[in-house]
Amino acid sequence: MTFTLHRSQSSGSSPRRGSLKTAHGAIETPFFMPIATKGAVKTLSSADMAGLGAGILLSNTYHLYMRPGLEIMQKAGGLHRFMNWSGPILTDSGGYQVFSLSKMRTLSEQGVEFQSPWDGSKHMLTPEKSIAIQQTLGSDIVMAFDECPPYPCEKKYAHEAVERTTRWAQRSQEQFQQKIADQPNRGQLLFGIVQGSVYADLRAQSARELQAIGFDGYAIGGLAVGEPTESMYETLASTLEELPADKPRYLMGVGKPENIVQAVRLGVDMFDCVIPSRNARHGLAYVWREKNAASDSAAAPKSAPLSGAAFYETVHITNEKNKTAFTVLDSACGCLACGGGYTRAYLHHLFRVGEALGQRLLTAHNIKFYLDLMTRLKGAI
RNA sequence: GGGUGGAUACCAAAGUGGUUAAAUGGACUAGACUGUAAAUCUAGUGGCCAACGCCUUCGUAGGUUCGAAUCCUACUCCACCCA
């Protein structure tokens, strides 16, 4: 079995632990994937990631296809070798770029034509091409090519997007199988992506249609794109009811720590998000809050369930008050910054003068925070 | 000694009679960021005020004008040029 649950769960919305086997090792779920869009977690090396205890990274088909391109990836012997990362990698299909680059693309039944922001050149991404690229990259988990609609989204359009996503999922699966027939199976897994905006019936339809095709795992896409958080939770809960319990469920692009906590409660197994890395580069650090437990009844001991957003706090490292804060972000943290003994005052200084080390240290810290969050959640299930 | 050009808010730098508390950068203050077009973006930054609003600013001191950062006079300082 590729995916095994540690405790048998009937179905639906309840937290679960499991193990997902990939060609580059098994990972305990629920887990978080730091994002290495262009083949690197910005400011960090593969060795750094291993040191932080990251189990699996996420990379992006669209970006790697644009640069360095398939020829280089082929000569490099695949993405793992290219970036010198021996753990598992999940590659996103480029479906999200259908959403985020909406001003620079043209969508058709065939696929999506993107215009390069660099030289204006046009590139067509289709389900077949996306999967083929991911096969060349050699990622452990391949994502079907989907359409991620914006929010808000008229139901009529959301419906069309669901049906197109289903057709694209079918084509993705066919391409995936064909390649496997051609070449030795590299042990790649293929995940389908549920769409349907915030409409429960569309989500259910999407989930049903994808299961009819059959995938190794099911992702929930198109959330956290601007809808109210409550709406996201409701949609997530109803969608999970429609997904098989014996396959991994992946909530794409989410999210804030409290979003992840809530999603794990509802039965999600996999996450990714740019928040820890991007916010780190923008000077925002995540810090556990229990050190203030004496004065704050909302702070919980490590073993207790994490609730709301009260279990952590954010630190704007560039804030004036950190100028003379000669303490590390979190004395219990073993990241490059905290373990290295670099104080908030020093990090503040690095950001002020624009030294890249500041971004690097904060990125390491936030990634560690997210990985620790998952460890705690596993411990609480 | 003579000549020319300057002096604008924390810094740099626009503005040559009213629409200017004064463009734009930087710096500073705070905020945002959810399958990364993101080391990005937003807002604020003379004083008082919760706010409406009021007050004080463009080297200094006078003057012209209904009205001046903008025009005139003197002075101070800076830069360059000629002796």
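Within every chain, numbering begins at 1; the chains are lettered A, B, ... in the order of the sequence lines, protein sequences first and strands thereafter.
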Can you see whether [X] engages [Y] through a side-chain donor-acceptor pair at a distance of less than 3.5 angstrom?
X: E28(A); Y: S19(A); answer: yes
X: N259(A); Y: Y233(A); answer: yes
X: Q211(A); Y: Y218(A); answer: no
X: E174(A); Y: Q178(A); answer: no
X: H80(A); Y: D140(A); answer: yes
X: Y250(A); Y: D272(A); answer: yes

Roughly how many Å is it from [atom1] in [X] to [atom2] in [N], rounded to a whole number?
X: N322(A); N: rA30(B); atom1: CG; atom2: P; value: 9 Å
X: F271(A); N: rG35(B); atom1: CZ; atom2: P; value: 13 Å
X: I317(A); N: rA30(B); atom1: CD1; atom2: C1'; value: 15 Å
X: R281(A); N: rU34(B); atom1: CZ; atom2: C1'; value: 13 Å
X: M66(A); N: rA37(B); atom1: CE; atom2: P; value: 12 Å
X: E320(A); N: rG44(B); atom1: CD; atom2: C1'; value: 15 Å
X: K323(A); N: rU29(B); atom1: NZ; atom2: P; value: 7 Å
X: I260(A); N: rG35(B); atom1: CD1; atom2: C1'; value: 12 Å

For atom [atom1], what is the distance between [N] and [M], given to the nearest Å?
N: rG15(B); M: rU65(B); atom1: P; answer: 28 Å
N: rC52(B); M: rG17(B); atom1: C1'; answer: 30 Å
N: rU56(B); M: rC78(B); atom1: P; answer: 32 Å
N: rG35(B); M: rC54(B); atom1: P; answer: 48 Å
N: rA7(B); M: rC72(B); atom1: P; answer: 14 Å
N: rC11(B); M: rG46(B); atom1: C1'; answer: 16 Å
N: rA21(B); M: rA61(B); atom1: C1'; answer: 24 Å
N: rA39(B); M: rG47(B); atom1: P; answer: 34 Å

Below 4.0 angstrom from OP1 or OP2 of [N], is there any side-chain N or O of [X]?
X: K256(A); N: rA32(B); value: no
X: Q97(A); N: rA37(B); value: yes
X: R352(A); N: rU29(B); value: yes
X: N319(A); N: rU29(B); value: no
X: H316(A); N: rA32(B); value: yes
X: R278(A); N: rU34(B); value: yes

Spell out yes or no: do the side chain of [X] and the base of [N] have one donor N/O and one acceptor N/O closer than 3.5 Å?
X: E147(A); N: rG35(B); value: no
X: N60(A); N: rG35(B); value: no
X: S277(A); N: rU36(B); value: yes

Out of rU34(B), rG35(B), rA30(B), which nucleotide sits closest to the side chain of D146(A)? rG35(B)
Side chain of S93(A) only, please: which of rA37(B), rG35(B), rU34(B) is the nearest? rG35(B)
Given RNA chain B, 5'-ward residue of the pair T314(A) and Q195(A), judged by closest heavy atom: T314(A)
Can you work out whether G354(A) or H282(A) has the more 5'-proximal nearest nucleotide on RNA chain B? H282(A)
Taking the six-membered ring for Trp, are F215(A) and F191(A) ring centroids under 6.0 Å apart? no
Has H63(A) got its ring stacked on the base of rU36(B), with centres under 5.5 Å and planes less than 30° apart? no
